[in-house]
Amino acid sequence: MDKLLKLFEEIGEAISNANGELRTSTIILTLGVAILLNVYIFFVYRFSNKTGFYSKNFNKTVAIMGIVTSAIVLAMQTNVFVSLGMVGALSIVRFRNVVKDPYDLLFLFWSISTGIICGTGLYKVAFLLALVVTIVLLLLELVTMPKAPALLVVNSTDPAVEAALLALVKRYSKYYRVKSRNLHLGGMDIIVEVRVSNEAELVAECGRLAGVTSVSLLAHDGELRA
């Protein structure tokens with residue numbers, strides 16, 4: 001019986017030693033800095049995202065995720081048993097939502113990193129990280145990229161229209177490449193990848209070719225390779 005009581009006493013001492021005291025001022029300061037920086041991340045994402053599928057719910061999730069992460073890091077510092085429990089709990093969590101845009105992944109990682117940095121008390125690092133990321137985003141925004149090629153879709157009742165069409169395309173575009181040829185009983189359909197500035201003139205000229213029934217010029221945001 002005495003050995004059992006002694007064992008319980010040793011376990012209690014180990015738990016008391018594992019529990020660290022965390023000041024209320026530290027908690028308030030950490031969460032305050034995390035809130036400030038993650039709200040900043042929220043607005044940076046809102047004004048830098050140029051896609052037509054902006055999701056406010058995703059943006060709110062990014063902002064709140066950093067705050068929750070900072071609270072988790074604070075809790076893990078105070079108690080070794082809580083930290084082990086957190087590791088076990090997070091190891092069984094599975095996130096099945098696919099991040100469709102790598103740009104969204106950047107802000108997710110930025111938010112989580114900010115939460116971890118704030119939770120460890122490195123507030124200067126968190127502020128410098130926000131400053132550096134903002135500057136890099138602005139600099140990259142100033143970099144001009146070559147204009148993405150467009151797809152010229154021509155439908156014709158004349159199967160021999162390709163030679164005249166390519167000669168016309170060559171006048172308006174230094175770069176062109178035939179992507180598809182579709183020959184059928186009613187004529188021929190051709191898709192040509194072009195990079196041209198006078199798009200309206202090219203479409204009008206293609207429409208005047210003999211046998212052409214319709215002309216479409218489609219812009220796309222595909223990846224460009226040097």
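Side-chain atoms are counted along with the backbone in the values below, which use heavy atoms only and exclude waters and symmetry mates.
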Residue that, paired with Asn38, satisfies side chain to side chain contact (heavy atoms under 4.5 Å, CB included) out of Ser70, Cys118, Ser111: Ser111

Does Leu142, at its CG atom, have more than 12 non-hydrogen atoms belonging to other residues, nucleotides or ligands within less than 6.0 Å? yes

Just verifying a value: how many Å separate Phe109 CZ and Leu105 CG, rounded to the nearest 0.5 Å? 8.5 Å

Reported CD1-to-CE distance for the pair Ile72 and Met65, which is rounded to 0.5 angstrom: 10.0 Å

Contact between Cys206 and Leu152 at the side-chain level, heavy atoms closer than 4.5 Å - yes or no? yes

Test side chain to side chain contact (heavy atoms under 4.5 Å, CB included) applied to Val133 and Trp110, step by step: CA-CA 9 Å; Val133 172; Trp110 183 11; 3.6 Å; yes

Tell me if the OH atom of Tyr175 is crowded by more than 12 foreign heavy atoms within 6.0 Å. yes

Would you please name every residue forming a side chain to side chain contact (heavy atoms under 4.5 Å, CB included) with Leu128, sequence neighbours left out? none

Under 3.5 Å, is there a donor-acceptor pair between the side chain of Asn59 and the main chain of Phe42? yes

Would a distance-only check, ignoring hydrogens and angles, find a side-chain to backbone donor-acceptor pair under 3.5 Å from Ser173 to Val196? no

Given side chains that start at C-beta, do those of Val154 and Val192 come closer than 4.5 Å, heavy atoms only? no

Residue pair Tyr123 / Leu36, side-chain heavy-atom distance below 4.5 Å: no

Given Val33, Ile67, Leu129, the one that forms side chain to side chain contact (heavy atoms under 4.5 Å, CB included) with Thr114: Leu129

Under 3.5 Å, side chain of Thr157 to main-chain N/O of Gly211, donor-acceptor pair present? yes

Same cluster (ILVMFWY, side-chain, under 4.5 Å), Leu139 and Val132: no

Can you tell if the side chain of Leu106 reaches within under 4.5 Å of the side chain of Leu137, non-hydrogen atoms only? yes

Could you check whether any side-chain heavy atom of Asp189 comes within less than 4.5 Å of a side-chain heavy atom of Val153, counting everything from C-beta outward? no

Can you tell me how far the CG atom of Asn49 sits from the CZ atom of Phe58, to the nearest 0.5 Å? 9.0 Å

